[in-house]
Amino acid sequence: MDNSRYISFSNWKIQWLILFSIFVLAFSLRLLHHHMEPTIARDGVLYVRMAEKWAEYGSFSKMAEFFEGASWVPPLMLWIMKVFIPLGISPETTAVTLNILLGSLLPLIMFFIAKICAEKYEVSIGAALIMAWHPPAIDMSIEVMRDTLYLFLIGLVIICLLDAIKNNRWWQWGVGGVLLGWSFLTRYESFEFIILATGYFIFALFFKWLDLKKSLPRYGLLILCFAASYILALYFLGIPLDHYIEKYQKRMHEALQYSMQTRKDKV
């Protein structure tokens with residue numbers, strides 16, 4: 001069979017050229033879509049106002065008091081939006097620019113995830129192309145929201161954890177933990193990966209994929225790096241940890257009261 005008609009994916013220059021082309025394609029689609037529909041969703045308007053108030057008050061806690069229930073909004077995206085306000089860049093412009101850029105990188109994230117799982121460049125490139133063309137992913141990339149930032153960070157977490165499991169690279173558990181701490185500042189659903197990692201180590205011990213001597217340090221490294229990166233990030237953003245502890249206790253108290261009231265109503 002004449003193989004001269006087929007592209008050789010073993011050439012690293014061709015691989016990176018294809019990935020760069022997919023990035024340009026994804027960026028162009030998102031930029032075109034934003035040009036055609038430059039609107040902001042209702043939640044996006046709230047995010048813009050929150051970023052402006054944070055910049056005005058200079059305190060996340062005071063801003064959260066101004067917006068009822070906003071204390072539970074993860075702060076990373078809001079901080080990025082407000083930090084460029086003194087430079088004359090609006091929160092909307094900052095958010096859309098960041099989301100278009102990170103949304104254009106999501107196909108590459110998908111490529112590396114598929115490459116670790118499938119080990120075939122054809123499959124990985126197909127996965128990247130799907131993400132580049134996927135209409136909901138394009139829509140999400142032009143919104144003034146935190147979802148694209150979350151998917152970018154959690155995608156890096158998945159790459160690190162898959163690489164740690166498949167190639168037995170213990171240090172990737174630490175890198176994944178750091179990224180997971182940052183991702184937790186975009187969406188609290190990120191904590192689910194701690195639960196998934198716990199489940200993995202339980203299964204690894206049960207089926208004897210790993211022994212206790214290897215499992216505990218890796219799991220401990222993940223938890224330690226997750227907690228440390230989250231706390232240090234809060235400190236860097238200027239948000240006291242007591243703020244979240246107080247709000248968490250308040251929410252738990254409200255949930256307990258609601259549960260008790262629901263039981264009384266049923267009786």
Side-chain angles (χ1 to χ4, degrees), residues 1 3-31 98-141 147-184 186-187 189-190 192-201 203-204 207 209-210 214-215 218-219 221-222 225-226 229:
M1 180 183 294
N3 292 326
S4 61
R5 296 176 300 169
Y6 299 94
I7 297 176
S8 174
F9 290 103
S10 60
N11 189 323
W12 66 270
K13 292 183 180 179
I14 293 179
Q15 295 170 14
W16 284 107
L17 178 61
I18 292 173
L19 290 179
F20 179 74
S21 301
I22 293 174
F23 168 78
V24 172
L25 172 65
F27 184 81
S28 301
L29 289 172
R30 284 152 177 78
L31 198 61
L98 177 67
N99 283 339
I100 289 178
L101 178 60
L102 296 185
S104 303
L105 291 172
L106 285 180
L108 307 188
I109 297 289
M110 184 60 67
F111 171 86
F112 288 109
I113 292 175
K115 185 174 180 292
I116 294 173
C117 297
E119 296 185 350
K120 289 186 177 181
Y121 284 103
E122 295 85 349
V123 175
S124 304
I125 290 170
L129 283 172
I130 290 174
M131 179 59 76
W133 280 95
H134 193 44
I138 296 176
D139 289 338
M140 185 173 53
S141 298
D147 301 285
T148 299
L149 177 59
Y150 164 73
L151 288 178
F152 178 77
L153 290 173
I154 211 65
L156 293 177
V157 171
I158 293 173
I159 291 174
C160 291
L161 298 189
L162 286 176
D163 185 56
I165 293 171
K166 186 172 184 179
N167 298 316
N168 196 28
R169 292 174 176 163
W170 62 268
W171 51 270
Q172 285 283 41
W173 291 104
V175 178
V178 171
L179 293 170
L180 192 59
W182 297 348
S183 177
F184 194 67
T186 60
R187 290 194 76 92
E189 290 87 341
S190 303
E192 295 171 357
F193 281 82
I194 294 292
I195 300 174
L196 289 173
T198 304
Y200 163 75
F201 281 110
F203 276 97
F207 290 104
W209 302 333
L210 293 172
K214 289 184 177 180
S215 297
R218 286 165 169 77
Y219 183 68
L221 183 63
L222 173 68
C225 289
F226 166 73
S229 67

For the pair Thr148 (side chain) and Gly103 (backbone), establish whether a donor and an acceptor sit closer than 3.5 Å, ignoring hydrogens and angles.
no
For Ser190 and Ser183, indicate whether the former's side chain and the latter's backbone hold a donor-acceptor pair under 3.5 Å.
yes
Working to the nearest 0.5 Å, report the span between CG of Asn99 and CG of Leu151.
10.0 Å
Could you pull out the closest heavy-atom pair between Leu29 and Ala132, with the gap in Å?
CD1-O, 3.6 Å
Do the non-hydrogen side-chain atoms of Leu180 and Leu161 ever get within less than 4.5 Å of each other?
no
Quick one: ring-ring contact (aromatic ring centres under 6.0 Å, His included) partners of Tyr150, sequence neighbours excluded?
none
What is the distance from atom CD1 of Ile165 to atom CZ of Arg218, rounded to the nearest 0.5 Å?
11.0 Å
Check the pair Thr186 / Phe152 against side-chain contact (heavy atoms from CB on, under 4.5 Å), numbers first and verdict last.
CA-CA 10 Å; Thr186 60; Phe152 178 77; over 6 Å; no
Let me confirm one number: the CG-CD1 distance from Leu149 to Ile154, rounded to the nearest 0.5 Å.
10.5 Å
Which pairs of donor and acceptor atoms, one on a side chain in residues 105-113, lie under 3.5 Å apart (sequence neighbours left out)?
none

Can you tell me how far OG of Ser215 sits from CZ of Phe203, rounded to the nearest 0.5 angstrom?
13.5 Å
Starting at CD of Glu192, measure out to CZ of Phe184 and round the result to the nearest 0.5 Å.
10.5 Å
What side chain to side chain donor-acceptor pair (under 3.5 Å) pairs are there with at least one residue in residues 171-181, not counting sequence neighbours?
Asp163-Gln172
Between the side chain of Ser104 and the main-chain N/O of Ile100, is any donor-acceptor distance below 3.5 Å?
yes
Check whether any side-chain heavy atom of Met131 sits under 4.5 Å from a side-chain heavy atom of Ile22, and report yes or no.
no
May I have the step-by-step check of side-chain contact (heavy atoms from CB on, under 4.5 Å) for Phe27 and Leu31, ending in yes or no?
CA-CA 6 Å; Phe27 184 81; Leu31 198 61; 3.9 Å; yes
Checking side-chain contact (heavy atoms from CB on, under 4.5 Å) for the pair Phe226/Val157: CA distance, chi angles, key distance, verdict?
CA-CA 11 Å; Phe226 166 73; Val157 171; over 6 Å; no
For the pair Lys120 and Glu122, find out whether any cationic side-chain nitrogen is under 4.0 Å from an anionic carboxylate oxygen.
no
Any pair counted as salt bridge (charged side-chain N to carboxylate O under 4.0 Å, His left out), so long as it reaches residues 16-30, sequence neighbours left out
none
Do Val178 and Trp182 come close enough that some side-chain heavy atom pair is under 4.5 Å?
yes
Test log, rule side-chain contact (heavy atoms from CB on, under 4.5 Å), inputs Asn167 and Ile116
CA-CA 9 Å; Asn167 298 316; Ile116 294 173; 5.7 Å; no
What pairs with Trp133 under ring-ring contact (aromatic ring centres under 6.0 Å, His included), at least two apart in sequence or on another chain?
none
How would you list, by chain and number, every residue that makes a side-chain hydrogen bond (donor to acceptor under 3.5 Å, both in side chains) with Tyr200, sequence neighbours excluded?
none
For the SG atom of Cys160 and the CZ atom of Arg169, what is their distance to the nearest 0.5 Å?
10.5 Å
Are the side chains of Ile158 and Phe193 in contact, using a 4.5 Å heavy-atom criterion?
yes
